[in-house]
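Keep in mind that what you see is a predicted model, and the values were worked out from it rather than measured. So you know, we letter chains A, B, ... as the sequences are listed, proteins then strands, and number each from 1.
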Number of protein chains: 2
Amino acid sequence: MGIGRPRNFDRDTALEQAMEVFWRHGYEGATIAQLTDAMGINPPSLYAAFGSKEALLKAALDRYTARREAWMAEVLGAPTAREVTARMLMGVAEKQTDPSNPPGCLLVQGGLACGSGSANVPFELAARRAQTEEQLRHRFERAKDEGDLAETADPAALARYVSAVITGMSVMASSGADREALTQVAVVAIKAIEDQSVRVPVAAN
Amino acid sequence: MGIGRPRNFDRDTALEQAMEVFWRHGYEGATIAQLTDAMGINPPSLYAAFGSKEALLKAALDRYTARREAWMAEVLGAPTAREVTARMLMGVAEKQTDPSNPPGCLLVQGGLACGSGSANVPFELAARRAQTEEQLRHRFERAKDEGDLAETADPAALARYVSAVITGMSVMASSGADREALTQVAVVAIKAIEDQSVRVPVAAN
DNA sequence: CCAGATTTGTAGTGCTCGCTACAAATGTGG
DNA sequence: CCACATTTGTAGCGAGCACTACAAATCTGG
């Protein structure tokens, strides 16, 4: 009783290529032919390894979010809410214009509106975007506890705000905005957070 | 020589329904069957009246932007940059959660990433979004001339920022955010503009 | 009331979609 | 070296896509 013929492609490498296709064309815009072509395999291999087009997307989303976790941890480790926001938005401006990836964010480009047959794809993407917002909210709540954010500040509202700016930057990037344009947006956006930060009088210390 | 059988549907009414379908499902997600069903006509009538699916989308986009022109004029008529931004963002929060329309903005929901056969649709949408940004930039340039914005303010950057926030709010709305959540975002976002506004000492006048 | 012009509804067209049946190929265990 | 398990490439499945050929229907002008 043998173990069978071994597959001759690397699952992670293939998934990486699939992610790029979804990123560039969206879930519905990406065809199986494009995917298998980019992955360097044939349709049966794709279905044996991932199950379906939608399951392949979810695997790609998992890979995408997992890759950003290390960076997110670094961002959230900044000492103040202002610094968290600054690192976040400046990092986003950089990452979303990284020429080694398609522009924008997979969680947005993947598909905001889909046909009736793929109605749950937008929900899947929205749920993953919401995770980032929640991480920011927790961080801002901590900042408020630590006295870093003003007593009147609303951590949930601030997190929603930063999340919205990130999404807006993502759409801008996907439609051709360059790094400088995104950085300008980030710089302005940060001011709204500074406004709610407790200013430590540096000279007085 | 007769004039022919009269069409028995109203072009504008049908276009209105088509716009809703594109808004809800995106360009690629909307099928001709869904469109003709919503419009209450048959495919040959659609093609005779609009030419093609893509031409129908463009007609819907024209209708969409034309409808917003009156509102935009009112927004841009506000006396200060801060007030323009406030009216803009608060209005967006309201409009994008108007239950009589699909949530979000057609210029975003229409399709950020498309398949290779519809590659110019995202460009078409981006160009129309850019129009709003340009209107804001002109208004902010005027505000700077009028001394309403600080000398150090960058009208183009501010316009890009407001445009990005609008887009971010649109995506949030499309994924279920309610009016209150969007309003919170707007309130925070406005602070970044206030920061660059020249404060008129009210009590001193 | 007829001739010409246009729209209508029916019923498809060819094409591409996501997905899979099948047999040859390639590995391991006995 | 043979039996078995799994993957591979080919080739094509039914379904749904955007779009249209066609003839009946409905108008106006004479």
Interatomic distance, A/Glu28 CD vs D/dG16 P [rounded to whole Å]: 15 Å

Beyond-backbone contact of A/Leu158 with A/Thr85, side-chain heavy atoms, under 4.5 angstrom: no

More than 12 heavy atoms from other groups under 6.0 Å of CZ on B/Phe9: yes

A/Leu46 CG to C/dC19 P, straight-line distance once rounded to whole Å: 9 Å

Rounded distance in Å - CZ (B/Arg7) to P (C/dA5): 18 Å

B/Ile32 side-chain proximity, nearest of C/dT28, D/dC19, C/dT7: D/dC19

Sugar-phosphate, base or nothing in reach of A/Ala49, heavy atoms under 4.0 Å: nothing

Salt bridge A/Glu16-A/Arg67, side-chain N to carboxylate O under 4.0 Å: yes

Length of the line joining B/Asp10:CG and C/dT8:P, which is rounded to integer Å: 12 Å

A/Tyr27 or B/Phe9, whichever maps to the more 5' nucleotide of DNA chain C: B/Phe9

Note, A/Met39 side chain near A/Phe50 side chain (heavy atom, < 4.5 Å): yes

Aromatic ring pairing B/Tyr64/B/Trp23, orientation class (parallel under 30°, perpendicular over 60°, tilted between): perpendicular

B/Gly4 or B/Lys53, whichever maps to the more 5' nucleotide of DNA chain D: B/Lys53

Side chain of A/Tyr47 - closest among D/dG29, C/dT26, C/dT20: C/dT20

NZ/NE/NH1/NH2 to OD/OE distance under 4.0 Å, B/Arg137 and B/Glu133: no

Nucleotides 9-16 of chain C: protein proximity per nucleotide (B base, S sugar-phosphate only, - neither; heavy atom, under 4.0 Å): BB------

